[in-house]
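Please read all numbers here as calculations on a predicted model, not as lab measurements. Just follow the structure's listing: the first ligand is 1, and inside any ligand the first atom is 1.
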Amino acid sequence: MQDRSESESRRLLRRLRDTLAEPARGQERLDRIVGMIAESMRTDVCSIYLFRDRETLELCATRGLKAESVHRTRMRLGEGLVGRVARTATAVNTADAPAERGFRYMPETGEEIYSSFLGVPIQRLGEKLGVLVVQSREARLFSDDEVYALDVTAMVLAEMTELGAFTSDDTPMASAHKHPVMLRGGSGQEGTAEGQVWLHEPRVVVTNLVNDDPAAEAERLRAAVDRLRVSVDDLMNTAGTGDKEHRDVLEAYRMFANSRGWLRRMEQSIESGLSAEAAVEKEQSEARARLQLVPDPYLRDRLHDLDDLSNKLLRILTGQGSDTGAQMPERPILVARNIGPGELLEYGKLLKGVVLEEGSVGSHAAVVARALAIPLVVHAEGITTEALTGDSIIVDGDEGVVHLRPDDSVAAAYRDKIIMQTQAAARFAELRDKPASDRKGNRVALHMNAGIMADLPSLEGSGAEGVGLFRTELQFLLRNSMPRRADLAALYARVLKAADGRRVIFRTLDIGSDKVMPYMNRPEEPNPAMGWRAVRVGLDKKGVMRMQLQALIRASNGRPLCVMFPLVANFEEFRTAREILLREIEREAHLGHPLPEKLEIGAMLETPSLAFAPDAFFKLADFVSIGGNDLKQFFYAADRENELVRRRYDTLSLSFITFIQKIVKRCEANGTALSFCGEDAGRPVEALTLAGAGLRSLSMRPASIGPVKDLIMRSDLDEVAALIDRAKEHGEDTLRRSMIDYIRSLPIG
Ligand code: PEP
Ligand code: MG
């Protein structure tokens, strides 16, 4: 057969649908289906291969190959022609299969007599489910119509696979979304949580796959696309001209919504027998498959836009809103491709954990998750396709690992870990009001990091002595326009009131790099982490910096005020920023406003250069706070956001600790107060080493204060200092081994 009539396709799809309605075991259905497809396509062979696990395909049914090879013949992803179809998610069509690159002969199937081969992926929304193959003795290429027809058939098979049509007692295959899956991503926020999946944007469920009246179905699709276009135009009109990135997305929506090619392909699928929804999903699946192969970030973004648009269209067609009426589970763990900081804040502490398919360590969502102290895993590729609302899930934010539908042994191991953490938390609570002093009485001041009002109650709960770092950028990032001075002043005043006399160090706006304010134009930068960010932006856009400083002065309203400038790279930057602040003080005095009772001005040491600044800098700065997250990335030239390198270098390497000791000495020599406020301050082993290296003030997330205090109280910082000296003498590369041995030797508190 060279050309298939469309009615033939439709007949096949209807017959496939009917097999769903008839009671049958999974294997029986599969056997019947391969027969139907071979007859309809008039081929000698039709076979269905399904994934047994993520890497292995198994021949599950065949018409034409030897029956004994069913459930015996297996291949790895990428192996042979079938494996190639699965790996690349594209069809293989050849008149001479044995001569084809990568052909692998499977003697048990008896397939050597079939020359022509056509294989198409069975996939649903980027999830690979298997491969559908037809083969014939006659050496010929399949026509485009035939390839298309098989593609459409595979689409229906994918939906049937999802609906569990092929899994029953007699098939040894696990049904989709039932088996345990472990996904490795990146750690966005430490901590472990067990709970149930709560999909932020649940998928649309398509149940009618096949149409009986293509003309009516095509009309339904066109009407839905019209509605979609109107809604995109509305979005464009309300978006205004502000946020460039948002407009880019909307432009892409508009382009796709008006794309004739997109509509034509969907109409073609409807002609072949698919329902309008299934036709949209077919396009969406193909776009997702392409997405996995495209390395270019811009193109990936656009394919994501197409994906979002397809979801909107599906919601119009099915009438399903993003609120499916599902009940939020008892211990919700939010799963999303990405989420904005505002939406995450709305969920707030309700959530026990967050898993993002994309996201990044420094993204706004991560900043919020950190502020809320919710375990977060980012870059968990595949999570939104694998997870269903209500699935059991464990988030291990320490390791950046997610266990979806964990089996009993994994769940038990984590439960033990969580119980131990809870018991430890009870012990730490007893230490809350005690100072963090080591066995010899050496004191270490422990402060907490904060970024939103919701953090402030933790001051009481954690026993922190103050706020060592208040990240002020969130209030700027969460809005669509520049916040007003009066609003900022009111917020800072609330923070100071909640701190109730304890010191709060406000860090001025640290934007740029990955933290982007939607309403501020920013240049395209080749290397944003080393680009126009933090105090560099403040010094160039003095209006914003002055407005924030005025808000801080007004908020202090006669109380002490501590201000810290981020990413100061040289003395000059600090001097200029400090002068701007002092001028604002003068101006406020002139206006007759109350001035801070005491003013401390400090710098964050986040680039190695500042450690080598002249003594005059250290003398002028009231305090210096080491921003270890940035300092480490610049010390090692290893991007803190890049999973390939971010764990490569150890904070406890002697080179880094020796560098920290140098900063300690410079501050001591000049009488400058010194603190450390990067994430490492909240990791007990790292915190103890930093204290041993001479840091007597650490600022960390509130949940870390207990564990860090407990360890310091059991230790002797002089012994840690001696251990560092010994490691230097012995030429060790890292202190980690000796620190862990030391900690193991300590008495339990
Ligand atoms: C740091 O760099 O260590 C720091 C505390 O600042 P941020 O993580 O906000 O860049
Ligand atoms: Mg920083």
Side-chain angles (χ1 to χ4, degrees), residues 186-190 341 359-373 376 378 446-452 455 464 466-478 504-517 527-538 562-569 573-574 577 602-611 623-642 646 649 651 656 659-660 663 674-683 686-687 690 695 697-702 704:
S187 160
Q189 164 67 27
E190 290 163 358
S360 67
V361 180
S363 63
H364 308 169
V367 175
V368 175
R370 224 167 283 152
L372 295 169
L376 165 70
V378 293
L446 303 185
H447 303 272
M448 65 171 241
N449 295 345
I452 50 175
D455 291 332
V467 177
L469 165 67
F470 189 92
R471 292 178 162 106
T472 59
E473 47 275 9
L474 217 58
Q475 290 73 41
F476 287 80
L477 297 173
L478 286 177
V504 178
I505 300 181
F506 288 98
R507 173 175 78 182
T508 61
L509 190 54
D510 184 4
I511 50 148
S513 187
D514 57 313
K515 297 176 196 154
V516 180
M517 298 194 298
N527 203 338
M530 295 203 278
W532 196 55
R533 49 175 294 209
V535 80
R536 299 169 186 179
V537 178
C562 300
V563 177
M564 164 162 90
F565 296 105
L567 204 87
V568 173
E573 283 176 346
F574 179 68
M604 282 189 83
L605 195 154
E606 304 190 87
T607 63
S609 61
L610 200 63
F623 63 91
V624 164
S625 186
I626 298 176
N629 307 335
D630 274 310
L631 183 62
K632 224 174 101 182
Q633 82 166 337
F634 296 123
F635 185 77
Y636 287 115
D639 187 343
R640 64 192 263 193
E641 296 256 353
N642 182 339
R646 70 187 204 93
Y649 305 102
T651 307
F656 191 65
F659 184 55
I660 295 287
I663 301 169
L674 176 65
S675 182
F676 186 108
C677 64
E679 295 304 313
D680 281 321
R683 299 183 178 119
E686 280 78 351
L690 291 168
L695 271 158
S697 169
L698 302 171
S699 190
M700 62 198 76
R701 62 192 177 103
S704 292

For ligand 1, is there an N or O atom under 3.5 Å from any N or O atom of Glu606? yes

Please name the atom of Glu606, limited to N, O or S, that comes nearest to the Mg ion (ligand 2). OE1

Quick check: of its N, O or S atoms, which one does Asp630 have closest to the Mg ion (ligand 2)?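 Per the distance ranking, Asp630 contributes OD2 as its closest N/O/S atom to the Mg ion (ligand 2).
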
Tell me which part of Leu469 gets within contact of ligand 1: side chain, backbone, both or neither, using heavy atoms under 4.0 Å. side chain

To the closest 0.5 Å, what do you measure between CG (Leu690) and CD1 (Ile626)?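 Rounded to the nearest 0.5 Å, the CG-CD1 separation comes to 7.5 Å.
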
Parallel, tilted or perpendicular, judged at 30° and 60°: which one describes the rings of Phe635 and Phe659?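 Ring orientation of Phe635 relative to Phe659: parallel.
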
Taking it one step at a time, do Asp630 and Arg640 satisfy salt bridge (charged side-chain N to carboxylate O under 4.0 Å, His left out)? CA-CA 7 Å; Asp630 274 310; Arg640 64 192 263 193; 3.1 Å; yes

Which heavy atom in Ser699 sits nearest to a heavy atom in Ser675, and how many Å separate them?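 That would be N-OG, 4.4 Å.
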
Which one holds for Glu679 and ligand 1: side chain close, backbone close, both close, or neither close, with close meaning a heavy atom under 4.0 Å?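 Contact part for Glu679 vs ligand 1: neither.
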
How many angstroms lie between atom CG of Asp510 and atom CD of Glu606, to the nearest 0.5 angstrom?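 It comes to 6.5 Å.
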
Is Arg507 touching ligand 1 with its side chain, its backbone, both, or neither, if touching means heavy atoms under 4.0 Å apart? side chain

Counting from 1 in the order shown, the ligand 1 atoms closer than 4.0 Å to a non-hydrogen atom of Cys677 are 5 (C)

Atoms of ligand 1 close to Asp630 [distance to a heavy atom under 4.0 angstrom, numbered from 1]: 1 (C), 2 (O), 3 (O), 10 (O)

Atoms of ligand 1, numbered as shown, that sit under 4.0 Å from any heavy atom of Met604: 4 (C), 5 (C)

Looking at Glu679, is its backbone amide N or carbonyl O close enough to the side chain of Asn629 to form a donor-acceptor pair, meaning the two atoms are under 3.5 Å apart?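 Checking the backbone N and O of Glu679 against the side chain of Asn629, a donor-acceptor pair under 3.5 Å is found.
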
I need the atoms of ligand 1 closer than 4.0 Å to a non-hydrogen atom of Gly678, numbered in the order shown. 3 (O)

To the nearest 0.5 Å, what is the distance between CG (Leu631) and CD1 (Ile663)? 5.5 Å

Quick one: does Thr508's side chain have a donor or acceptor within less than 3.5 Å of a partner on Phe565's backbone? no

Pull out every atom of ligand 1 sitting under 4.0 Å from any heavy atom of Arg640, numbered as shown with elements.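 Atoms satisfying the 4.0 Å criterion: 2 (O), 7 (P), 8 (O), 10 (O).
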
Proximal ligand 1 atoms for Gly628, defined as those under 4.0 Å from one of its heavy atoms: 3 (O)

